[in-house]
Structure formats: C-alpha cells, structure tokens
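Notes for the one structure printed next.
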Amino acid sequence: MSHSIFEELQWRGMVYDSIDGVQQMLANEKVTVYNGFDVTADSLHVGHIVPLIALARLQRFGHHPIALAGGGTTMIGDPSGKKSERSLLPVETIREYAEAIKGQLAHFLDFESKTNPAKVLNNADWLTSLNMIEFMRDIGKNFTVNYMLAKDSVRTRLEREEGLSFTEFTYMLLQSYDFLYLYDHYGCRLQTGGSDQWGNITAGVELVRRMRAEQVYGMVYPLITKADGTKFGKTEGGSVWLDPKRTSPYRFYQFWLNTEDKDVVNYLKYFTFLEHPVIDDLAAAVVERPEAREAQRKLAGVMTATVHGETALARADQASQALFGGDISGLSAAEISDIFSDVPSCELPKTQLEGAGLPVADLLVTAGVAKSKGEARRSLQEGGIYINNHRVSAENPAAGLGDMLEGQFIVLRKGKKNYTLVKVIG
RNA sequence: GGGCGGUUACCCAAGUGGCCAACGGGGACUGACUGUAAAUCAGUUGGAGACACUCCUUCGGAGGUUCGAAUCCUUCACCGCCCA
C-alpha cells in the first residue's frame, strides 16, 4: 500500500464528495474520524457496510476510527433520504439495539490495536442530558433557518405532502453537535457518511468552525446503486442483515452470489480488501467467461467469511453446490440436515402423510411457503412448486410417505431458489 | 380556533349510488429464455370452497340513508394547505 488512503478510496470509487483539504490532512497526519450509524434495528444490514468498511480502511492506514451508534439521534429521526416522517422508537429499545450492533462492528474494525484501536460511542451518552435552553442559546444561535432550509434533506420534504416536523428539522443541529462534541473530547476532525449525509456533515463542519475557529472535514460515499435501478440490499425477504438470526449465512452468501455482472466489480471495490491486481483479474474474468461467475463467487466468499466466519462460509458454499448442483436424492440424512440447517424448516407429523397423503396445497401452507391455500394453488398452477427438486405437475397433487427422503425429510422448493425443509416426525 | 382539501390493496393512483375484489403504473411472485446474471416476453398478485361456478371479507374507524354504498349523510381519528 504505497499510495495514500485517499487515493485508495478514490480508486475504489468511494469518494463521492469531500471538503477540500481532506486528502492532504489524511496524508500528513493520523486523524480521528467518525461515522454515525442509525440504530433502527438490533442489527446492521448490508447497506451499512460501505461506511463501516471505509472506517476499517482508514484504520489500516493508521487513522483512529470511531463508530458512533446514533442512540440519541435515532430518537429524533433523520429526515435525510426519507420520504415521510419516521415513527420514533422507545428509548429503551434504542439502547438495546445500540448494544447489539456493537458486536457486529467488531467484524470489521480492530478494537485491539495498540496504536489506533477503534472506538464505539453512543451519542445518547451526551445528547440525552442536553439542556434545551443552553442548546438553543449556544448551538442554535449558529444556524440561520435560511441555511437549514437550503439543505436538500429539508427542501425535498417541504415539497412533499407529508411535510416535516420541527423535531426532524432540528436533526441536523444534533448531528452537528455530535461533531463538535467528538472534536472537543476526542480530537475528531473528519466525519464520513453516505452521500445523503452531506448536508448534516457540512453543518457540523460549519459549527466547529464558528465555535472553535478550527477547520474540520467531511467526506461522503456514494449511495450504492444497482445497475437495474432497484434498491441495493433488499431481497424477497426484505433487508439483508448481518445478524445470522435475521439473515442466515446461506442467504447472505446467496445474496452476494446473485450480484449482477454490471455491479460485481464495483462491489468488489466497495466491500472487500482485495488488492487491485486481484480485482482487475476478476473484472477480466467477468468479461471473458461471465457464466463462471468467478467475481461473484469471490465476493460472496469474502463477505460471508468476514461477517460469519470460515465455518459458516464452508457450509453455505456446500449447501449452494448441493442445491444448485442437481440431484439431492442421493444425500444422506446427515448431509441433508447439515445443508438445510440455514434454510427455513417446519415439522410435520408422519400420520398426515399416511393413506391418501396430504394435499400439496395444504403442505405449502403448513410449511409457510404460501400464505394461503389460494396462493398455494396459484403457485402449483404456475408450475413453480418442486418436491425434492422434481416439479409437481399432477392435477390434485398429494404428498405421501413415498416422498420422504431418508424416511424423515421432504424438500419443498418454490421457484428457483426458495427452499423449505419439512421434517417428518412421529 | 376557523376555512378548504385529503385518507382506496405492498407503494403510487383511478373510481364519486348497481356493470367493483375495485382501471392503470411501480414493486413482488411464477414461467419461458439463461449463467443461481441482465434484458425481453407471458401469467399471477384479498380469503374459502364442490375452483371456468359460488360464497365471505375489504376502499381511515364507528353509525346511518337505500332494494343496493368505496361512492350519499352523521360523527370520530389522522394528514396537508391557507387564515387566526
């Protein structure tokens, strides 16, 4: 790594905008840098990885990263990038979430470093005890409403029907105060974030300049987009989370594996620490033999290993090969339960399969594959249902004892990729 | 506090007494084609059944008018704009 961190980030396409002077500062000194994370759930999702991994990159270049859990600001709700007013979470809930998220940060950041260990802070620690009169007098005085109204996040909301509450309007003041606080207490001189945070970040820079007469800096990352214009980080089941209880390692692995050709090289740059030549080679592979999907495999492998560990990766990879490789009927009971350990499952009493068997439509509802019998019937008509990887095409199909694998499993599949394991008991 | 406008399915949005389980678009799901990709094309998108037919529940909530209401009336809640 002979080049600078700023050049590194630029090469990876991660510098969307920055305040002049950032490059020089990062080259000349080891700075403390912070990035805020909203705590609207008890887990981060893949959308959080870009700023998180950027912090990790900065750390590798010797800078001091602070991951700030927005325990205080989440109570207010950031209007940036939101179409409508957000419902507020109970204070206690936010605290619990912030705790849960701390553990996930450790997958990326090094807290043990002797020279520049990462820190996790929660802005609830200083925001919740603020005195309103003092805040308005000392902080609020530094901002004109005109300035605040000019911010994108505010303006777009004013143009919409829903409007913008005073609470949300003040959000930028609180985030600015965070920057001031971290500057005062930790010597923090750089704030990073997604490009939607530009307004909030520059407001903080402005506040420090006015109150401390010091120049601090901001840098924002591009919003991750997909080539087809849809939102990054969502799949059938909603967001892709880092918490294995919310998104299993298998699904996590599959999420990355399914990345489009057009996006995969960008993602390798954004999300991995792979060296430039390695990424260049993979980029070439995408062009020359796209069907091999080497870049996607590498991406999925690296991400799964980072977040869930090597063991989980091995299992996810093995499961993927078995499920998409072909015949599953030759697998042993042990292999099946291993491969499907991540996949949704349900239990079914054996008695239901006896005699005439259980209508497949009912089985789909019981297994949670379909929400209603109508939906189940529809899926069957569409030819989208498979039992043990064989399409169900009968008129009024029923599942019987003969459909069990190894005497205890039935593998249901809807469409190409949605598996559910039925465990026959009793 | 006053005036006006609004609340329809996952989202946007039509419909303003019967032809409405409700136009259209987006999204999502399934299929064909493929490389577990994209693009394209086709189908599906409230529930139940004896499933080319019937029944039930839905248009912010509750009541009412009517043979019949998403549509009219009353009232409550929420949202927006304007005035104070």
Side-chain angles (χ1 to χ4, degrees), chain A residues 82-88 156-169 225-240 248 250-268 282-283 285-301 303-304 316-328 339 342-343 359-362 364-366 368-387 389-397 411-420:
Chain A
K82 307 289 187 308
K83 286 184 295 188
S84 53
E85 180 96 14
R86 193 155 79 188
S87 50
L88 298 177
T156 54
R157 279 287 291 282
L158 287 178
E159 283 161 10
R160 293 182 62 89
E161 278 195 342
E162 287 85 355
L164 173 78
S165 70
F166 178 71
T167 304
E168 283 189 323
F169 183 55
T225 53
K226 296 201 338 189
D228 63 7
T230 58
K231 207 171 178 193
F232 169 78
K234 302 280 183 192
T235 92
E236 322 84 57
S239 293
V240 178
S248 71
Y250 167 75
R251 288 200 181 285
F252 188 83
Y253 179 85
Q254 286 286 324
F255 167 75
W256 296 105
L257 190 62
N258 281 312
T259 304
E260 296 174 27
D261 292 358
K262 283 179 181 168
D263 293 320
V264 71
V265 175
N266 286 337
Y267 288 7
L268 285 168
L282 288 169
V286 173
V287 176
E288 285 159 23
R289 38 183 191 286
E291 68 283 356
R293 289 180 307 132
E294 290 167 44
Q296 279 91 339
R297 283 178 210 286
K298 187 69 183 173
L299 177 67
M303 296 314 294
T304 309
D317 186 44
Q318 189 196 3
S320 298
Q321 280 178 23
L323 296 184
F324 293 99
D327 201 11
I328 57 169
I339 287 169
D342 268 358
V343 159
V360 174
D362 290 323
L364 293 173
V365 175
T366 321
V369 175
K371 284 200 274 300
S372 65
K373 286 182 82 166
E375 189 181 310
R377 255 183 256 115
R378 227 175 280 133
S379 293
L380 282 164
Q381 272 167 13
E382 290 168 340
I385 297 299
Y386 303 76
I387 286 181
N389 268 1
H390 296 294
R391 176 176 281 173
V392 178
S393 52
E395 190 63 16
N396 283 307
V411 176
L412 291 177
R413 182 179 131 207
K414 174 168 164 257
K416 268 183 194 162
K417 310 172 191 175
N418 290 297
Y419 285 89
T420 302

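Protein chains get the first letters and strands the later ones, always in sequence-line order, with residue 1 at the start of each. Side chains are part of it too, since the values below use all heavy atoms of this structure and drop only hydrogens, waters and symmetry mates. Fair warning: this is a prediction, and the values are worked out from it, not measured in the lab.
Side-chain atoms of A:N418 and A:R413 form no donor-acceptor pair, as typed in the model, at a separation below 3.5 Å.
Taking only side-chain nitrogens and oxygens, A:R378 comes nearer than 4.0 Å to OP1 or OP2 of B:G47. Contact check, A:S372 against B:A48: a side-chain N or O comes under 4.0 Å of OP1 or OP2.
Between the CD atom of A:Q321 and the P atom of B:U36 there is a distance of 13 Å, rounded to whole Å. Taking atom CD on A:E375 and atom C1' on B:A28, their separation rounds to 11 Å, with Å as the unit.
Counting non-hydrogen atoms under 4.0 angstrom, A:Q254 reaches a base of the nucleic acid. Residue A:R293 is in base contact, counting any heavy-atom pair closer than 4.0 Å across all strands shown.
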Restricting to nitrogen or oxygen on both sides, can you table the protein-nucleotides 30-33 of chain B pairs closer than 3.5 Å?
| residue | atom | partner | partner atom | Å |
| --- | --- | --- | --- | --- |
| B:U30 | O4' | A:E382 | OE1 | 3.4 |
| B:U30 | O2' | A:E382 | O | 3.1 |
| B:G31 | OP1 | A:Y386 | OH | 3.2 |
| B:G31 | O3' | A:R391 | NH2 | 3.4 |
| B:A32 | OP1 | A:R391 | NH2 | 3.4 |

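The 5' end of RNA chain B is approached more closely, in terms of each residue's nearest nucleotide, by A:Y253 than by the other of A:Y253 and A:R377. Checking A:K262 against A:Q296, the closest nucleotide of RNA chain B that is more toward the 5' end is the one next to A:Q296.
Ring geometry for A:F169 against A:F166 counts as tilted: the plane angle lies between 30° and 60°, on a 0 to 90° scale.
Heavy atoms only, all atoms of each residue included: A:Y253 and A:D317 are closest at OH-OD1, 2.9 Å.
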Note, RNA chain B 5' to 3' with Watson-Crick or G-U pairs under 3.5 Å encoded as ( ), [ ], | and . gives ((((((((.[[[..)..(.....]]]((((((.......))))))((((...))))...[[[[[..)....]]]]]))))))).
